[in-house]
Colleague: 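Mind having a look at this structure? Questions to follow.
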Amino acid sequence: MTRYDLLIVGGGVNGCGIARDAAGRGLKVLLCEADDLAGATSSASTKLIHGGLRYLEYYEFGLVRKALKEREVLLALAPHIIWPLRFILPHHRGMRPAWFLRLGLFLYDHIGGRKRLPPTKTLDMRTHPLGGLLKDGFDYGFEYSDCWVDDARLVVLNAVDAAERGADIRVRTECVKAERTGSDWTATLKNHLTGETETVTARALVNATGPWVARFLEKAVGVEPKNRVRMVKGSHIIVPRFFDHDRAYILQTTDGRIVFAIPYEQDFTMVGTTDIDYHGDPRDVAISDDEIDYLCAAASEYFRHDFRRDEIVHTFSGVRPLYDDGASEAKAATRDYVLNVDTGDGAAPRLDVYGGKITTYRVLAEMVLEKLGAFLPFSPRGWTGKEALPGGDFPIDGVGALTEKLAADYPFLSDKMVARFVRTYGTRTWDMLGDAASSDDLGTWFCASLSEREVNYLIDHEWARSAADILWRRSKLGLRCSSADVVALEQFVAERLNARG
């Protein structure tokens with residue numbers, strides 16, 4: 001029976017961030033995930049590293065400041081999958097007054113220690129080129145800074161770094177039971193691919209199961225949760241790209257929410273999100289007809305482009321497991337996190353993670369380690385704010401130089417492939433492509449720009465175990481692949497896994 005210092009249940013951004021931090025401090029770590037890494041909430045976000053401008057309305061100044069400070073830290077750690085993005089906020093005469101928006105943006109610019117990103121500007125939308133897409137009546141607006149992130153890759157890269165620092169990462173492995181036995185936790189793990197079970201022990205347990213945080217306590221640990229989770233559904237639609245510049249739009253809606261329209265995967269626009277209380281199984285979450293109508297109507301109110309159901313190429317939904325602070329509306333529920341530590345009779349601590357947002361996952365992980373410091377022997381020094389994530393070891397403004405070098409080293413790649421590889425793997429693109437001297441050296445081509453060599457790399461180094469893992473979480477190539485392509489890829493992955501044993 002293997003003994004670990006720390007058992008982490010849940011392979012979302014919080015779980016993988018905690019695993020990375022803990023492994024880097026010298027702890028023996030096991031992380032188990034019942035499905036795929038980033039298989040739920042952490043791959044269904046609006047994909048922003050941001051302070052959350054609208055949270056200022058709810059006086060969440062501490063959360064916004066914490067997130068804004070972290071925004072530039074993360075940008076420096078992963079400039080391949082995180083990059084600056086400018087947002088256009090048109091002033092809608094019937095909603096928040098212009099002075100109110102400008103005040104909020106002034107605070108947004110100054111409370112978080114902004115250094116690298118440019119400040120807010122006021123725009124005359126009647127004459128500015130960025131206003132040409134808008135309907136008449138939106139005379140003025142603002143342009144401000146935030147950052148974009150490939151959320152699922154952020155999760156995977158944290159797991160990769162954790163594994164390279166000694167962590168044991170298990171996917172398709174569910175913790176079906178966990179109980180205190182003396183000074184340890186004894187846990188039963190079930191591998192859903194093989195059906196085999198294994199028993200392990202750990203000095204401490206972290207419950208980072210997101211929407212399942214309460215269910216895990218009830219079913220696997222056998223205790224009543226002390227805190228409540230408010231599950232809020234957020235849905236997005238993907239449509240063909242209808243503007244050719246690199247800005248995003250943030251749109252106010254009549255119900256007080258906001259909707260984003262963001263350039264997505266080179267050829268598309270992502271529109272979202274919604275905020276709706278959700279009471280079902282998080283695995284079954286899906287966009288509703290009402291949400292589609294809501295997003296289409298919200299975008300159509302601002303843009304000359306008419307958003308229609310028949311142009312939607314993809315949708316995705318996720319459940320945000322928010323800490324239930326008693327807010328009357330889903331949109332007002334806090335996005336901050338709560339960490340509950342249970343020590344039983346003074347040994348074998350358990351820490352439950354409630355809430356949080358992707359932008360603050362790293363500081364959440366540091367706080368988890370701080371709270372467990374009295375129980376586990378590790379270096380007290382935080383380190384994750386200075387060490388680049390895998391593939392991100394190049395300057396923030398170095399994407400252009402990296403792109404030129406990759407194109408020169410692999411001249412047979414198309415410009416779009418080079419751009420995708422740099423924004424997916426960064427400096428580790430060379431590890432993935434290896435000694436390939438022609439496209440034939442990359443093996444079978446499945447769909448879009450997906451090659452056999454890339455698929456094998458994702459299986460061997462990033463825990464991909466299905467076509468969906470590859471097409472929707474390790475990449476977004478599912479937007480460009482047919483159902484027949486998916487079947488062919490699924491068969492290849494299954495044969496590759498069987499051959500590995």
Colleague: Within the 3.5 Å criterion, strictly below it, is a donor on Asn207 or Thr209 matched to an acceptor on the partner's side chain?
Modeller: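 Yes, a side-chain donor-acceptor pair sits under 3.5 Å.
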
Colleague: For the side chain of His128 and the backbone of Asp124, is there at least one donor-acceptor N/O pair under 3.5 Å apart?
Modeller: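 No, the answer is negative, given that no donor and acceptor are paired below the 3.5 Å cut-off.
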
Colleague: Kindly determine whether Tyr410 and Phe421 satisfy ring-ring contact (aromatic ring centres under 6.0 Å, His included), including the steps that lead there.
Modeller: CA-CA 11 Å; Tyr410 299 95; Phe421 289 155; 8.7 Å; no

Colleague: Picking from Tyr302, Phe260, Phe243, what satisfies ring pair (Phe, Tyr, Trp, His ring centres under 6.0 Å) with Tyr249?
Modeller: Phe243

Colleague: Hydrogens and angles aside, do Asp409 and Trp430 bring a side-chain donor and acceptor to less than 3.5 Å of each other?
Modeller: yes

Colleague: Treating Arg304 as the side-chain partner and Leu134 as the backbone partner, does any N or O pair qualify as donor plus acceptor under 3.5 Å?
Modeller: yes

Colleague: Decide salt bridge (charged side-chain N to carboxylate O under 4.0 Å, His left out) for Arg480 and Asp267; before the verdict, give the C-alpha distance in whole Å, the side-chain angles of both, and the deciding distance to 0.1 Å.
Modeller: CA-CA 10 Å; Arg480 298 178 170 87; Asp267 301 318; 2.7 Å; yes

Colleague: How about Cys32 and Cys175, are their SG atoms within less than 2.5 Å of each other?
Modeller: no

Colleague: Tell me, do Leu56 and Ile111 make a side-chain contact under 4.5 Å, heavy atoms counted?
Modeller: yes

Colleague: Is there a side-chain contact between Asp168 and Val29 (heavy atoms, below 4.5 Å)?
Modeller: no

Colleague: Under a 3.5 Å threshold, yes or no: a donor from one side chain and an acceptor from the other, between Thr429 and Arg423?
Modeller: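 No, because no side-chain N or O of Thr429 sits under 3.5 Å from a partner of the opposite role on Arg423.
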
Colleague: Please determine, by modelled atom types, if Glu291 and Ser235 share a side-chain donor-acceptor pair under 3.5 angstrom.
Modeller: yes

Colleague: Any sub-3.5 Å donor-acceptor pair from Glu72's side-chain atoms to Lys115's backbone N or O?
Modeller: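 Side chain of Glu72 to backbone of Lys115, a donor-acceptor pair under 3.5 Å: yes, one is there.
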
Colleague: Checking Asp151 against Lys47 for the salt bridge (charged side-chain N to carboxylate O under 4.0 Å, His left out) test, could you report, in this order, the C-alpha distance in whole Å, the side-chain angles of both residues, the deciding distance, and whether it holds?
Modeller: CA-CA 6 Å; Asp151 51 5; Lys47 308 182 195 317; 2.9 Å; yes

Colleague: Do Arg25 and Ser379 have side-chain atoms, one donor and one acceptor, less than 3.5 Å apart?
Modeller: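 On atom types as modelled, these side chains do not qualify, holding no pair under 3.5 Å.
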
Colleague: Between Phe242 and Phe303, does the ring-ring contact (aromatic ring centres under 6.0 Å, His included) criterion hold? Intermediate values first, please.
Modeller: CA-CA 10 Å; Phe242 67 95; Phe303 295 109; 5.0 Å; yes

Colleague: When you check the side-chain N and O atoms of Arg172 and Asn191, is any donor under 3.5 Å from an acceptor?
Modeller: no

Colleague: Does a donor on one side chain and an acceptor on the other come within less than 3.5 Å for Thr46 and His236?
Modeller: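 Result is yes, a qualifying pair exists.
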
Colleague: Take Tyr140 and His91, measure what ring-ring contact (aromatic ring centres under 6.0 Å, His included) needs, and give me the verdict at the end.
Modeller: CA-CA 6 Å; Tyr140 297 96; His91 172 235; 8.0 Å; no

Colleague: With no hydrogens and no angle check, do the side chains of Tyr108 and Asp146 hold a donor and an acceptor under 3.5 Å apart?
Modeller: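 The answer is yes; a qualifying pair exists.
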
Colleague: Does Tyr337 have its ring centroid less than 6.0 Å away from the ring centroid of Tyr354?
Modeller: no

Colleague: What I want to check is whether the side chains of Thr384 and Arg362 have a donor and an acceptor closer together than 3.5 Å.
Modeller: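 Thr384 vs Arg362: donor-acceptor pair found between side chains.
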
Colleague: Does the pair His314 and Trp472 meet the rule for a ring-ring contact (aromatic ring centres under 6.0 Å, His included), with working shown?
Modeller: CA-CA 11 Å; His314 182 62; Trp472 294 112; 4.2 Å; yes

Colleague: Under 6.0 Å from the ring centre and within 45 degrees of the ring axis: does the NZ or CZ of Arg153 meet both conditions for the six-membered ring of Tyr425?
Modeller: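 Yes, Arg153 lies over the aromatic ring of Tyr425.
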
